[in-house]
Amino acid sequence: MSARRDELTEPAMDAAIERACTILRLPTVRDRHGEVAGIALRQQASYKGFLTELLSLECDDRETRRRARLVREAAFPRPKRLEDFDFAANPDVPAALVATLARCGWVAAGQPLCLVGDSGTGKSHLLIGLGTAAAEQGYRVRYVTAAALVNELAEAADDRMLTRVIARYGRIELLCLDELGYIELDRRGAELLFQVFTEREEKSSIAVASNAAFSEWAQAFTDPRLCAAIVDRLTYNAHIITTGTGSYRLRSAARRQAAAGNAGREAKEKGTPP
């Protein structure tokens, strides 16, 4: 017969808590019960107050871990956050609209988002930043380039797994599709992509980043009717942001080069190494 719990020594109680938390998968309770118990003792908290605080910490940590997992599962190629976006350097991007989109009402409503502009104007930063914001608010997000998605769909079709793959993409709450329009898609690739858009239409959000205006998409989608259908799917009830034509990366490189040149001239005038 096992000993009564009130007769256990302190080490035995710690071991029992450790074992129970492992079984119940409560890592925060396991790691912080001693700390919280000490605070409760000093504050003369009730048993219920102590338990409430400990379980609240477990719930908070579990939610933090879940959000971090959703960000990881989104498969972003690099970390980008909206708070790091330089709106002063990208005046074409409406900061107020981006702030509204960051609250993710459009994701909940299943609306599309189109980011259109030249290379270096911040499309991918905004795409990843908004996707990260959505993941941190509990939405299932997936980032993929248009070329990678078409290749995945083509391989699935060859392996007779297309229906399953399209259904999987249909369950994602926000699909972030980057580099749409960068490469020309043959009719099969465009048709495969269209099936994903149709699966998600008016049910789940899709955000696309493209370096070509909608009128130029016919160069990427060689079939005019299919191109028109894709544009219709992506623009109906959509939020559209035009990021402009001036490359932020080029301007930044030019500023760095100019600053280095100025530093070199000043060093030369002073007779010191740059």
Side-chain angles (χ1 to χ4, degrees), residues 13-87 93 95-113 115 122-145 148 168-178 200 203-207 209 239:
M13 285 189 288
D14 287 339
I17 292 172
E18 173 84 21
R19 180 172 179 274
C21 288
T22 300
I23 294 172
L24 297 174
R25 298 181 182 179
L26 301 173
T28 303
V29 173
R30 179 195 62 212
D31 296 338
R32 301 193 61 181
H33 71 273
E35 170 197 346
V36 177
I39 294 172
L41 184 63
R42 289 193 298 272
Q43 296 178 348
Q44 296 184 330
S46 66
Y47 292 131
K48 188 177 288 187
F50 159 71
L51 183 60
T52 299
E53 176 64 17
L54 193 57
L55 293 180
S56 295
L57 289 171
E58 181 68 52
C59 291
D60 291 344
D61 284 356
R62 183 167 295 189
E63 180 62 19
T64 298
R65 293 192 298 270
R66 186 176 78 93
R67 292 177 179 181
R69 174 177 55 78
L70 288 170
V71 172
R72 288 195 306 272
E73 290 176 350
F76 297 117
R78 52 198 173 276
K80 293 287 184 182
R81 304 192 66 85
L82 293 177
E83 51 264 38
D84 299 326
F85 190 85
D86 191 347
F87 289 97
V93 177
L97 176 56
V98 172
T100 299
L101 294 172
R103 294 196 287 269
C104 296
W106 62 286
V107 180
Q111 296 171 337
L113 167 66
L115 301 161
K123 299 184 305 298
S124 291
H125 189 144
L126 291 171
L127 185 69
I128 295 172
L130 287 168
T132 300
E136 289 179 341
Q137 291 176 52
Y139 293 99
R140 289 169 295 174
V141 181
R142 181 74 164 88
Y143 171 96
V144 66
T145 65
R168 174 161 51 82
Y169 274 101
R171 290 191 295 270
I172 294 167
E173 291 165 296
L174 173 59
L175 175 61
C176 296
L177 187 63
D178 206 354
R200 302 180 60 80
K203 294 186 298 184
S204 303
S205 290
I206 180 168
H239 301 274

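Below, all heavy atoms of this structure are taken into account, side chains as well, without hydrogens, waters or symmetry copies.
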message: How long is the straight-line distance from CG of L113 back to CG of L127, given to the nearest 0.5 Å?
response: 7.5 Å
query: Out of curiosity, L26 CG to L54 CG, how far, rounded to the nearest 0.5 Å?
result: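 Answer for the CG-CG pair, L26 versus L54, is 8.5 Å.
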- request: Name all residues meeting the side chain to side chain donor-acceptor pair (under 3.5 Å) criterion together with H239; count only those two or more places apart in sequence or in a different chain, and write none if there are none.
  value: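 By the side chain to side chain donor-acceptor pair (under 3.5 Å) rule, H239 matches Q111.
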- request: Kindly write out the residues that satisfy side chain to side chain donor-acceptor pair (under 3.5 Å) with R19, not counting sequence neighbours, or none if the list is empty.
  value: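 Result, side chain to side chain donor-acceptor pair (under 3.5 Å) vs R19: none returned.
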field: Closest approach of A207 to W106 (non-hydrogen atoms, all atoms of both residues)
entry: CB-CH2, 4.0 Å
Listed pairs under 3.5 Å, donor-acceptor, residues 130-143 side chains, sequence neighbours left out:
residue: T132; atom: OG1; partner: I128; partner atom: O; Å: 2.8
residue: E136; atom: OE1; partner: R81; partner atom: NH2; Å: 2.9
residue: E136; atom: OE2; partner: R81; partner atom: NH1; Å: 3.0
residue: E136; atom: OE2; partner: R81; partner atom: NH2; Å: 3.3
residue: Q137; atom: NE2; partner: A102; partner atom: O; Å: 2.7
residue: Q137; atom: NE2; partner: A133; partner atom: O; Å: 3.4
residue: R140; atom: NE; partner: E173; partner atom: OE1; Å: 3.4
residue: R140; atom: NH2; partner: R171; partner atom: O; Å: 3.2
residue: Y143; atom: OH; partner: D178; partner atom: OD2; Å: 2.7

Is [Y] close to [X] at the side-chain level, that is, under 4.5 Å between some pair of heavy atoms?
X	Y	value
H33	C21	no
V98	L126	yes
R200	I172	yes

Sequence-distant partners of R168, salt bridge (charged side-chain N to carboxylate O under 4.0 Å, His left out), two or more places apart: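 R168 satisfies salt bridge (charged side-chain N to carboxylate O under 4.0 Å, His left out) with E152 only.
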- prompt: Taking only residues two or more places apart in sequence, or in another chain, which ones meet E58 in a salt bridge (charged side-chain N to carboxylate O under 4.0 Å, His left out)?
  reply: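 If we apply the salt bridge (charged side-chain N to carboxylate O under 4.0 Å, His left out) test to E58, skipping adjacent residues, the hits are R62, R65.
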statement: salt bridge (Lys or Arg N to Asp or Glu O under 4.0 Å) pairs touching residues 33-48, sequence neighbours excluded, are R32-E35
- prompt: Does a sphere of radius 6.0 Å around CD in E83 hold more than 12 heavy atoms from other residues, nucleotides or ligands, not counting ones at 6.0 Å or beyond?
  reply: yes
- request: Could you give me the CA-CA distance, side-chain angles and deciding distance for L174 and I206, then say whether side-chain contact (heavy atoms from CB on, under 4.5 Å) is met?
  value: CA-CA 5 Å; L174 173 59; I206 180 168; 5.9 Å; no
query: So, does T22 use its side chain to make a donor-acceptor pair with the main chain of E18 at under 3.5 Å?
result: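 Yes, because the side chain of T22 sits within donor-acceptor range (under 3.5 Å) of the backbone of E18.
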